[in-house]
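Since we're looking at a predicted model, the values are computed, not measured.
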Amino acid sequence: MPFGSARSVFGESAERQFCPYGPKPVLTAAAVRALTGYSDRSQLIPFADAKFKLAVVPELTYNQELLPKFKLGEYAAEQGFTYDDGSFEAVPEALAYYAALEVPVELAEKITEIYMDGGNEIYLEIAPNWDGEGGLFDVDEFAEVRHFPNLSR
């Protein structure tokens with residue numbers, strides 16, 4: 001499953017629900033490479049399941065601070081878009097940000113655990129008023145665990 005649109009992540013009706021034109025690109029891959037210092041695409045973790053990526057990224061951003069932190073309010077102001085902070089739905093621009101976020105292979109060994117909880121900051125930055133209930137961020141495929149050799153079982 002690709003991670004390029006609200007439809008691919010949250011089902012066919014999601015794209016119309018979130019944004020009739022689909023999410024606009026909000027962070028280019030080149031910008032992420034410049035921020036992280038990684039430039040070789042062959043050295044990036046390929047995520048087939050976007051929701052699994054959203055489960056891994058918090059450890060690298062919020063906990064270990066190895067990738068840039070994302071703050072929806074700040075990002076919206078910088079990019080010039082608005083969103084409903086009372087909505088339980090995902091903000092398309094936030095989804096697009098994480099779709100563009102590249103995770104270098106070198107960081108895979110830094111992951112020793114994945115903490116998946118509805119209250120994780122990443123989910124609240126994507127869907128600001130989401131209550132942690134429902135399957136909005138339920139991981140569909142765990143095949144990518146093979147990329148994380150130090151993940152405890």
Side-chain angles (χ1 to χ4, degrees), residues 1-11 14 18 23-79 81 83 85 87-153:
M1 172 188 319
F3 186 40
S5 73
R7 174 184 290 154
S8 66
V9 177
F10 297 96
F18 296 139
K24 66 180 180 178
V26 290
L27 184 66
T28 66
V32 172
R33 286 192 295 274
L35 287 169
T36 62
Y38 296 96
S39 60
D40 186 352
R41 287 195 56 84
S42 68
Q43 296 180 349
L44 300 173
I45 299 171
F47 287 95
D49 187 322
K51 296 175 188 178
F52 183 78
K53 182 179 186 181
L54 294 177
V56 169
V57 167
E59 179 63 25
L60 298 171
T61 57
Y62 300 106
N63 298 345
Q64 297 185 33
E65 299 182 359
L66 297 171
L67 291 175
K69 287 185 180 179
F70 177 78
K71 297 291 185 185
L72 180 58
E74 293 172 14
Y75 192 71
E78 291 169 6
Q79 297 296 313
F81 67 89
Y83 61 94
D85 64 355
S87 174
F88 288 89
E89 303 300 328
V91 175
E93 291 86 355
L95 290 174
Y97 172 89
Y98 284 108
L101 184 66
E102 296 177 332
V103 181
V105 162
E106 292 83 9
L107 299 183
E109 67 186 27
K110 306 280 186 192
I111 301 289
T112 58
E113 66 180 355
I114 298 173
Y115 182 70
M116 297 171 56
D117 182 80
N120 285 1
E121 187 171 351
I122 190 169
Y123 302 137
L124 300 177
E125 293 295 339
I126 295 171
N129 205 31
W130 185 58
D131 61 3
E133 300 295 322
L136 186 61
F137 296 107
D138 287 353
V139 174
D140 297 317
E141 179 62 47
F142 286 90
E144 280 90 2
V145 296
R146 71 183 182 280
H147 298 295
F148 303 94
N150 297 325
L151 190 60
S152 54
R153 298 187 187 263

Would you sort out whether Y83 and D85 count as a side-chain contact (heavy atoms from CB on, under 4.5 Å), showing the intermediate values?
CA-CA 6 Å; Y83 61 94; D85 64 355; 3.7 Å; yes
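- Using a 4.5 Å heavy-atom threshold, the side chains of L67 and P104 count as touching.
- Counting all heavy atoms, side chain and backbone alike, A90 lies closest to L95 at CB-CD1, 3.9 Å.
- N150 is linked by a side chain to side chain contact (heavy atoms under 4.5 Å, CB included) to E109, T112, counting only residues two or more places apart in sequence or in another chain.
- With sequence neighbours left out, the side-chain hydrogen bond (donor to acceptor under 3.5 Å, both in side chains) criterion links K71 to E121.
- With sequence neighbours left out, E65 forms a salt bridge (Lys or Arg N to Asp or Glu O under 4.0 Å) with K69.
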For residues 125-136, which side-chain N or O atoms pair as donor and acceptor with protein atoms under 3.5 Å away, sequence neighbours left out?
| residue | atom | partner | partner atom | Å |
| --- | --- | --- | --- | --- |
| E125 | OE1 | L72 | N | 2.7 |
| N129 | ND2 | G86 | O | 3.0 |
| W130 | NE1 | E133 | O | 3.0 |
| D131 | OD1 | E133 | N | 2.9 |

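- With sequence neighbours left out, A143 forms a side chain to side chain contact (heavy atoms under 4.5 Å, CB included) with E141, R146.
- Within the 3.5 Å criterion, the main-chain N or O of D49 finds a donor-acceptor partner in the side chain of E144.
- Side-chain contact between V139 and M116 is present, with at least one heavy-atom pair separated by less than 4.5 Å.
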Anything under 3.5 Å between a donor and an acceptor, one on a side chain of residues 56-63, the other on a protein residue two or more places apart or in another chain? List them.
| residue | atom | partner | partner atom | Å |
| --- | --- | --- | --- | --- |
| E59 | OE1 | N63 | ND2 | 2.7 |
| E59 | OE2 | Q64 | NE2 | 2.8 |
| T61 | OG1 | V57 | O | 3.0 |
| Y62 | OH | F70 | O | 3.1 |
| Y62 | OH | Y98 | OH | 3.4 |

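- A distance-only check finds no donor-acceptor pair linking the side chain of K110 to the backbone of L66 [under 3.5 Å].
- For E113, the salt bridge (Lys or Arg N to Asp or Glu O under 4.0 Å) criterion is met by no residue, not counting sequence neighbours.
- Counting heavy atoms from C-beta on, the side chains of F81 and V91 come closer than 4.5 Å.
- Closest approach of A108 and P149 over heavy atoms only: O-CD, 4.2 Å.
- Between the N120 side chain and the Y123 main chain, no donor and acceptor come within less than 3.5 Å of each other.
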